[in-house]
Number of protein chains: 2
Amino acid sequence: MAISDLSTRGVDALFDRVPKATLRAHIVERLRHAILAGDIPPGAPLVETALSERFDVSRGPLREALRQLIEEGLVVTVPYTGTRVAELSVDDIHEIYSLRTVLETFAFEQVWPRRDDRFRAELKRRNEALIATIDAGDDRASILTELEFHGLVYEASGHKLLQRAWHGLRGRLQLYWAAHHRAHGRRGPKRDSHDSYIKAAFGQDFEAMKAEIADHMRRGMETTETFLRSMPDSSGKPKRGVKS
Amino acid sequence: MAISDLSTRGVDALFDRVPKATLRAHIVERLRHAILAGDIPPGAPLVETALSERFDVSRGPLREALRQLIEEGLVVTVPYTGTRVAELSVDDIHEIYSLRTVLETFAFEQVWPRRDDRFRAELKRRNEALIATIDAGDDRASILTELEFHGLVYEASGHKLLQRAWHGLRGRLQLYWAAHHRAHGRRGPKRDSHDSYIKAAFGQDFEAMKAEIADHMRRGMETTETFLRSMPDSSGKPKRGVKS
DNA sequence: GGATCGTCGATTGTCAACAATGTGTCATAG
DNA sequence: CTATGACACATTGTTGACAATCGACGATCC
């Protein structure tokens with residue numbers, strides 16, 4: 001799996017100018033990383049010329065990369081006027097978590113009959129990876145490991161459309177979690193936050209699993225919402241902040 | 001709506017160069033229409049130079065339009081090799097309908113407490129519009145009216161992310177329905193196909209509504225799957241067929 | 001002094017030419 | 001006749017320049 005490959009090499013090990021496949025894909029990666037890491041905060045303007053210079057590419061591939069990030073919900077644009085990193089809002093949080101509850105429940109429903117030993121072992125492995133990042137105090141990495149933990153269910157479902165939907169949610173979630181991390185230092189996921197989740201996943205009662213998912217999501221949403229409401233004003237109008 | 005506008009004036013009655021908003025958006029509209037109407041069948045190659053000439057734009061906006069259609073699942077591409085209209089497959093049908101069942105159930109769950117008279121009236125209105133197109137024998141239009149009928153629930157949910165997910169499903173559904181229509185002349189939706197659906201939607205029993213949705217989807221999926229399996233070979237390799 | 005209109009700068013939208021890559025063909029050797 | 005290799009063609013990827021549009025600032029008029 002290329003995913004675990006990425007997580008081991010760390011978040012900012014950047015290949016500078018080694019076009020592996022297509023240029024646009026690389027820009028998407030790097031821009032997404034810069035946004036999700038908070039290097040370019042929500043609301044910050046994304047000027048095409050500045051970005052094309054920063055990434056050392058022309059505006060063509062860069063524009064296409066921006067379009068993709070728009071599709072992912074990380075970036076918003078208004079024609080002839082400008083492009084910015086998406087802003088945060090409580091309404092979005094409600095939408096993200098409510099839809100995520102539905103999708104993750106559905107994903108588990110698909111996976112339920114096929115929970116073999118490999119699935120169980122991998123779920124445990126990813127939980128231990130999550131705990132490791134928490135113990136290490138690496139909050140930024142713990143965001144990724146937590147997403148990978150939950151991502152397993154979608155991958156195991158074998159449902160491509162569902163995985164696609166999860167991908168769209170995943171980016172948005174990361175945007176909020178990263179902002180939380182940036183504001184409070186620690187986002188504060190507990191070591192045992194997934195214990196009951198795993199227990200239910202290994203059990204035989206699917207209804208219990210559904211309840212556990214709903215509960216897990218409710219807690220996550222409340223945490224995120226509380227954080228966002230504590231923000232002074234995330235809908236302010238930051239002027240500049242792209243260059244470097 | 002500009003869509004009905006486009007459908008009435010036909011595919012090649014082109015406004016010659018009246019940029020209303022942004023060029024890319026227009027190309028997306030026209031390309032999507034051409035694909036969903038079957039003018040460019042599944043598997044047909046989409047050559048950028050040919051399309052840019054056909055639509056009288058340069059390759060820049062055209063490429064961006066293609067990217068968007070890729071996101072929507074109507075088009076597939078492989079780097080440096082080519083772009084084609086997405087092919088049809090039974091696996092996709094299962095994914096589309098299973099996910100759609102989940103999403104539409106969720107949408108109804110959101111709408112359930114707010115089913116006021118306006119909602120009921122609009123649902124009836126759209127059903128009558130669907131019946132009108134069926135009676136008129138306009139199968140192509142009945143695809144649109146049926147999608148609009150089901151679309152109401154998503155719109156009424158007020159859930160932007162959910163609407164976005166529906167949008168992605170909608171295009172794919174249309175792709176299959178249009179192929180069905182093209183192959184069999186009539187796709188054959190019955191006049192009363194939504195009677196029980198509406199009855200459940202107006203009732204008080206949400207569990208009954210869930211069952212009705214599941215049943216409706218199951219029937220739709222079976223119809224679509226049966227059609228696709230009756231196709232000689234939809235995974236063949238058509239050579240050319242873009243120009244004109 | 002306040003409002004309105006025009007102008008200027010900044011930013012995105014669009015275009016046509018050039019480079020990189022992949023695929024199929026055709027000649028050639030075994 | 002088959003396999004193999006090089007070559008040419010078709011197609012996408014990338015680039016830099018040019019055009020259209022928007023927002024803000026400042027001058028001007030009431």
Side-chain angles (χ1 to χ4, degrees), chain A residues 15-31 40 43-71 74-86 236-243, chain B residues 14-31 35 40 43-71 74-87 236-244:
Chain A
F15 6 82
D16 24 5
R17 226 59 184 68
V18 274
K20 253 195 312 191
T22 168
L23 211 43
R24 185 191 73 254
H26 279 270
I27 306 296
V28 169
E29 288 293 333
R30 296 180 59 185
L31 240 184
I40 311 177
L46 296 168
V47 181
E48 294 179 0
T49 53
L51 290 175
S52 70
E53 182 184 343
R54 167 172 173 171
F55 291 133
D56 191 31
V57 295
S58 92
R59 280 180 55 215
L62 187 111
R63 279 174 64 88
E64 294 183 2
L66 282 178
R67 300 293 162 200
Q68 182 165 338
L69 293 177
I70 290 171
E71 284 297 317
L74 266 49
V75 165
V76 292
T77 188
V78 36
Y80 284 109
T81 301
T83 309
R84 315 178 87 90
V85 179
K237 307 286 197 297
K239 291 306 175 191
R240 307 273 145 172
V242 170
K243 207 54 192 261
Chain B
L14 289 335
F15 12 82
D16 13 10
R17 243 47 190 72
V18 276
K20 254 195 311 189
T22 168
L23 212 40
R24 187 191 71 254
H26 280 268
I27 306 296
V28 169
E29 289 291 333
R30 295 179 57 187
L31 240 185
I35 292 174
I40 310 177
L46 295 169
V47 181
E48 294 179 359
T49 54
L51 290 175
S52 70
E53 182 182 344
R54 168 172 172 171
F55 291 133
D56 191 30
V57 295
S58 95
R59 279 180 54 214
L62 188 112
R63 277 174 66 87
E64 295 183 2
L66 281 178
R67 300 293 162 200
Q68 182 164 339
L69 293 177
I70 290 171
E71 283 296 317
L74 267 48
V75 165
V76 293
T77 187
V78 36
Y80 285 109
T81 300
T83 309
R84 315 178 86 91
V85 178
E87 308 255 4
K237 305 287 196 298
K239 291 305 175 192
R240 308 274 147 172
V242 170
K243 207 53 189 259
S244 161

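Within every chain, numbering begins at 1; the chains are lettered A, B, ... in the order of the sequence lines, protein sequences first and strands thereafter.
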Next on the checklist: Whole angstroms only, please: what is the CD1-P distance between B:Ile27 and C:dG13?
Outcome noted: 14 Å
Checklist outcome for this item: What one should report as the nearest heavy-atom pair of B:Ala65 and B:Ile27 is CB-CG2, 3.7 Å
Next on the checklist: Quick check: on DNA chain D, is the nucleotide nearest A:Glu64 upstream (toward 5') of the one nearest A:Pro79, or the reverse? Name the residue that is more 5'.
Outcome noted: A:Glu64
Item to check | Euclidean distance, atom CD of residue B:Glu48 to atom P of D:dT14 [Å, nearest integer] | outcome: 11 Å
Checklist entry - Who are the salt bridge (charged side-chain N to carboxylate O under 4.0 Å, His left out) partners of B:Glu71, not counting sequence neighbours? => result A:Arg164
Checklist entry - Any side-chain N or O of A:Arg63 less than 4.0 Å from the OP1 or OP2 oxygen of C:dG13? => result yes
Checklist outcome for this item: From the candidates C:dG13, C:dA17, C:dT11, the one with an atom nearest any side-chain atom of B:Arg59 is C:dA17
Checklist entry - Once you round it to whole Å, what is the distance between P of C:dT14 and CZ of B:Arg24? => result 8 Å
Next on the checklist: Under 4.0 Å from OP1 or OP2 of D:dT14: is there any side-chain N or O of A:Thr22 that close?
Outcome noted: yes
Next on the checklist: On a heavy-atom basis, which atom in A:Arg84 and which in A:Leu46 lie closest, and how many Å separate them?
Outcome noted: C-CD1, 3.9 Å
Checklist entry - CG of B:Leu66 versus C1' of D:dT11: gap in Å, rounded? => result 13 Å
Checklist entry - Could you give the distance from OG1 (A:Thr77) to CZ (A:Arg67), rounded to the nearest 0.5 Å? => result 5.5 Å
Next on the checklist: Without decimals, in angstroms, what is the distance between B:Ile70 CD1 and D:dG13 P?
Outcome noted: 8 Å
Next on the checklist: From NE2 of A:His26 over to C1' of D:dG13, roughly how many Å is that when rounded to an integer?
Outcome noted: 13 Å
Checklist outcome for this item: Whole-Å distance, A:Glu53 CD to D:dA17 P, equals 14 Å
Checklist entry - What residues form a side-chain hydrogen bond (donor to acceptor under 3.5 Å, both in side chains) with A:Ser52, not counting sequence neighbours? => result none
Checklist entry - Once you round it to whole Å, what is the distance between C1' of D:dC22 and CZ of A:Arg84? => result 14 Å
Next on the checklist: Students often get this wrong, so: under 4.0 angstrom with heavy atoms, is B:Gly60 touching a base, only sugar-phosphate, or nothing?
Outcome noted: nothing
Checklist entry - Of all the nucleotides listed (D:dT14, D:dT12, C:dC15), which has the minimum atom distance to the side chain of B:Leu23? => result C:dC15
Item to check | Candidates D:dT14, D:dG13, C:dG13 - which lies nearest the side chain of A:Ser58 | outcome: D:dT14
Next on the checklist: Taking any heavy-atom pair under 4.0 Å as a contact, classify B:Thr83: base, sugar-phosphate, or nothing.
Outcome noted: sugar-phosphate
